[in-house]
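The next block holds one structure in the form of structure tokens; read it before the comments.
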Amino acid sequence: MRETLLERDDVLAAAADGMASARSGSGRWLLLRGEAGSGRTALLTEITHRAAAAGPLRILRAHAFPEERHFAFSLVRQLFPEAGPFPFDDPSTAEEQRILHRLTNDLAADAAKQPVLLAVEDLRFADEPSRRWLGYLTRRLSGIPALLVLTCRPDDPVRDGPERPDGLEAPGTAPGEEAVLCPATGTESPVRLLGPDSIDRLLAAHGITGETARLCATASAGNPMLLRALVADLPEGPTPRGLADLSGTRYRTAVARWLDAGSGQAPRPLTLATALVLDTSAPPEPELVGAVAGLPAHRPGQELRVAPLVRMLAHPVPRETVLAVADPTELDTLRRRLAHLLYESGTPAPDIADQLLRVRLTDEEWMAHTLEEAAETALRDGSLERATSLLRRAVTAPLPPDRHGALTLRLSALEMLQSAAAGTRRLRDSLRRADCHDVYGTAAALSGALAAQGHVRMAMRVMEEAGSALDDEQLVSAFRIAVAGTATYDGQEWSRAAAEMRALMDTAPVSVEPLACAMVTFHDIGTGRLDVTAATARFAARETARVNHRLRGGWLCARSSLLEWADRLDESRALTERGLPTHPEPPDLTDISQQYLITTRATVDLRAGRFQRLIEENTPLLEAAHGGGSRLPYLHALVALAWHELGYGELAGHHLAALGPEPETSAFGWDEVRCARARIHADEGRWEEALGDYLDCGDRMIARGFVSPVAQAWRPGAALALARLGRHAEAVELAEENLRHARAWGTPRVVGVALRAQAMAAGGRRGREILAEAVEVLRTSPCAIGVIEALIDLGEEQCAAGQPRKGRAALDEAVLRARALAPATAPLVPLALRAPRVLDRATRALRAARPRRDPATGGHHNRLTEAEQRIVELAVQGLTNAQICATLHVARRTVETHLTNAYQKLGVARRTQLAARLADTAGE
């Protein structure tokens with residue numbers, strides 16, 4: 001590329017005029033001012049070639065280097081290697097004058113024989129004695145046939161007389177450093193950057209147009225060196241959007257050189273400051289950029305320097321490159337300065353935090369406050385990972401113990417959803433600190449974190465050890481309550497904790513007693529000692545109590561759980577929302593009360609048939625918690641059941657399988673997993689597997705002394721499985737036992753579910769009567785699925801008993817209620833909407849219950865033909881289709897057709913219903 005000689009005609013013309021003047025005996029000097037990469041060296045080379053081609057000429061060249069700036073006469077030695085001797089130290093004034101005079105006279109004598117061209121590059125790095133000689137020479141050039149051509153940066157002060165008209169000083173110039181060139185014998189010639197037309201022409205020659213051409217023009221700012229390097233690094237394909245998209249490192253190297261040399265008209269700190277400010281939402285005002293760079297306020301001409309930098313660095317490619325090649329220590333200083341300026345100006349915390357995350361140390365309190373505020377904003381925006389990284393940085397600041405402790409608790413709560421191990425370790429370390437400000441809060445958070453990971457015994461031990469050394473009565477009581485709350489996770493510890501709470505009730509402080517009472521109440525409910533009226537009365541008596549602030553979350557959790565058990569679902573849901581953060585902020589898994597509130601809220605939604613909301617609220621939490629190492633088996637079970645009820649059996653199985661192997665524990669949460677698995681097996685007709693899981697749950701609950709059906713419906717499920725398996729006596733016994741416990745509690749949901757189980761175990765006319773009662777009871781409950789399933793069972797049994805009109809009415813109501821459970825949109829997954837499980841079942845049952853039309857008479861008939869009657873009787877005796885074929889000597893297809901017709905006429909859906917239906921019709 002010959003871009004270094006484009007738009008240089010005026011400079012070459014000035015050099016030609018100067019050379020002509022020198023050949024005529026009147027020497028001149030020409031100073032080429034240009035930024036790094038503008039082509040000063042190439043232009044100087046071109047001037048020497050043209051001058052040499054014009055006639056006899058002696059060329060003397062020298063290049064000043066920063067390493068030789070303090071080496072006396074280093075530049076002169078390059079020009080006149082044979083002219084010595086020169087002193088190696090700064091000479092005295094008299095000695096220096098003799099040397100300067102001798103050098104000038106020698107040059108004049110040589111030039112008289114043949115014109116001389118002296119080419120000096122990078123004048124700013126010349127040593128002081130050499131600079132003074134150049135000044136001495138320019139004041140005597142008019143009588144010497146020599147041309148002096150020099151190069152320098154735009155800001156280098158190199159002339160005698162007044163400062164530059166814009167009032168700017170060169171960065172790094174020592175105060176009082178004198179200029180050297182006499183204006184009477186020479187002139188300056190700026191080496192301008194390439195204009196738009198030249199850039200377009202050069203890029204077009206390389207086939208670069210459109211958006212990529214605009215990038216090149218912007219990212220080079222017309223600097224030939226930057227332009228050449230960027231073109232060399234352009235990848236094939238789309239226009240680069242950032243530094244990472246370039247295919248090489250030439251542009252990066254060129255920017256580093258350009259930045260080191262002063263980046264054009266701007267000093268290095270100003271360029272870096274501009275890039276940093278453009279990385280924020282703050283407007284790149286010259287005052288702000290200058291303040292970040294550490295320059296005095298209202299510096300003359302600062303606007304002239306900042307504006308072109310803003311145009312160039314507004315694009316990510318040059319901006320990212322400038323920041324990438326900068327010295328990290330230098331950037332750290334500028335970032336801290338920028339962050340503090342933004343903080344003082346009221347800039348939003350997230351924009352300041354972006355800078356603070358990149359500084360080396362967070363060593364001031366205002367930094368921690370800003371990072372914390374930005375973390376809260378990130379949480380409101382749903383960015384958990386960013387919030388966590390911000391708080392991790394904030395806790396490294398020097399803070400008072402109470403602030404440090406509060407931030408640690410907040411951070412640990414967020415870390416639980418990314419790395420439960422990290423959150424647990426942070427809490428453990430905080431609890432061991434000598435200046436731990438909140439022992440209870442920290443120990444409770446550590447206990448909650450351990451419980452969420454399934455380490456219940458360890459969680460209890462943490463609280464017991466932390467509270468053992470305290471002498472504050474209220475605090476000790478709060479610790480005992482917390483231990484008991486954690487014990488509710490563990491079936492074996494549950495009864496012991498309840499006994500301790502029963503003893504504590506008589507001596508506990510007033511602010512602690514309500515929660516101790518709640519613990520005892522739940523134990524009494526589980527063991528069948530309390531009905532719903534007495535239990536709610538206990539809570540109502542303490543409704544206005546002033547509960548210790550440390551226990552308010554637990555009290556809220558207890559009240560919402562009791563309301564759910566009491567069938568007051570809307571009230572329960574409202575309380576859980578009071579205790580849980582607003583979406584998208586996640587719940588705190590270090591808080592056991594929030595863990596309970598999550599499952600209570602999900603249980604309420606499952607009972608009410610709000611399956612889609614249950615899934616959408618809890619699936620993101622489950623995914624985050626599982627990825628971080630926390631196991632929430634109860635919540636997994638509830639979400640699996642919601643998917644199952646919506647007809648997505650494969651996703652239900654996925655949620656249960658995601659938990660992995662069950663630990664050797666007696667935790668209630670894993671009983672819920674087993675109970676959910678049993679429910680799914682039952683709905684799929686796998687009665688043996690369902691019975692096994694239900695009875696396993698029952699064994700565990702009985703071992704704990706938990707007999708009430710408020711928490712788990714294992715007895716109704718097991719009774720139904722036994723009935724389906726033909727074990728009617730066992731089914732009836734279990735169903736009646738369950739009904740006794742259900743009536744002892746007294747809510748419509750548990751009573752209605754128990755009646756349904758008893759009806760299905762009893763069968764026949766008695767079963768239908770009980771089913772009708774179950775439907776009436778469940779209609780008064782908020783249990784959406786329970787009433788629909790009872791209606792389906794009742795409708796099928798009525799149709800099978802020759803009461804098709806009643807049966808279809810029950811099934812019509814079931815379909816109507818089931819349709820209300822259908823989601824409006826596909827929940828969370830890109831699958832087609834499916835009918836809820838109960839809607840599908842109710843629809844199929846209703847279709848089977850429709851009477852067949854007789855094509856001969858146009859009327860309906862349900863009477864079996866003689867052939868159908870024979871086949872049905874053999875089927876009732878237990879013969880398979882193949883055995884019936886062999887007995888009657890008919891084809892298998894004939895048997896299947898007659899059975900299908902018989903099912904439709906009798907209004908039954910399964911082979912097992914045939915016997916009862918035939919008995920009913922015989923009696924009628």
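Keep in mind it's a predicted model, so treat the numbers as computed, not measured.
- Going from atom CG of Leu338 over to atom CD1 of Ile352 covers 9.0 Å, rounded to the nearest 0.5 Å.
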side-chain hydrogen bond (donor to acceptor under 3.5 Å, both in side chains) for Gln355 and Thr280? Distances and angles first, verdict last. CA-CA 8 Å; Gln355 301 302 319; Thr280 72; 5.8 Å; no

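- Ion pairing between a basic and an acidic side chain is recognised when a charged N comes within 4.0 Å of a carboxylate O; Arg336 and Glu364 show such pairing.
- Remark: Glu376 does not engage Arg380 in a salt bridge, criterion side-chain N to carboxylate O under 4.0 Å.
- If you look at Trp258 and Tyr251, their ring centroids are not closer than 6.0 Å.
- Evaluation of the side-chain hydrogen bond (donor to acceptor under 3.5 Å, both in side chains) rule for Glu330 yields Arg268 as partners, not counting sequence neighbours.
- Checked for salt-bridge contact, Glu35 and Arg153 miss the test: no charged N lies under 4.0 Å from a carboxylate O.
- Ion pairing between a basic and an acidic side chain is recognised when a charged N comes within 4.0 Å of a carboxylate O; Arg393 and Glu372 show no such pairing.
- Within 6.0 Å of CZ on Arg102 lie more than 12 heavy atoms contributed by other residues, nucleotides or ligands.
- Salt-bridge check for Arg98 with Glu95: failed, with every basic side-chain N at 4.0 Å or more from each acidic carboxylate O.
- Salt bridge Asp332/Arg358: absent, no basic N to carboxylate O contact under 4.0 Å.
- Within the 4.5 Å cutoff, side-chain heavy atoms of Tyr136 are placed close to those of Gln97.
- Going from atom CG of Leu150 over to atom CG of Leu134 covers 6.0 Å, rounded to the nearest 0.5 Å.
- In this structure, Arg77 forms a cation-pi arrangement with Phe88, its terminal cationic atom sitting closer than 6.0 Å to the ring centre and no more than 45° off the ring axis.
- For Pro56 against Gln114, the heavy-atom pair with the smallest separation is CB-NE2, 3.5 Å.
- No side-chain donor-acceptor contact under 3.5 Å links Ser26 to the backbone of Ala22.
- At a threshold of 4.5 Å between non-hydrogen side-chain atoms, the residues Glu121 and Thr41 count as touching.
- Checking side-chain atoms of Glu320 against main-chain N and O of Leu243 turns up a donor-acceptor pair under 3.5 Å.
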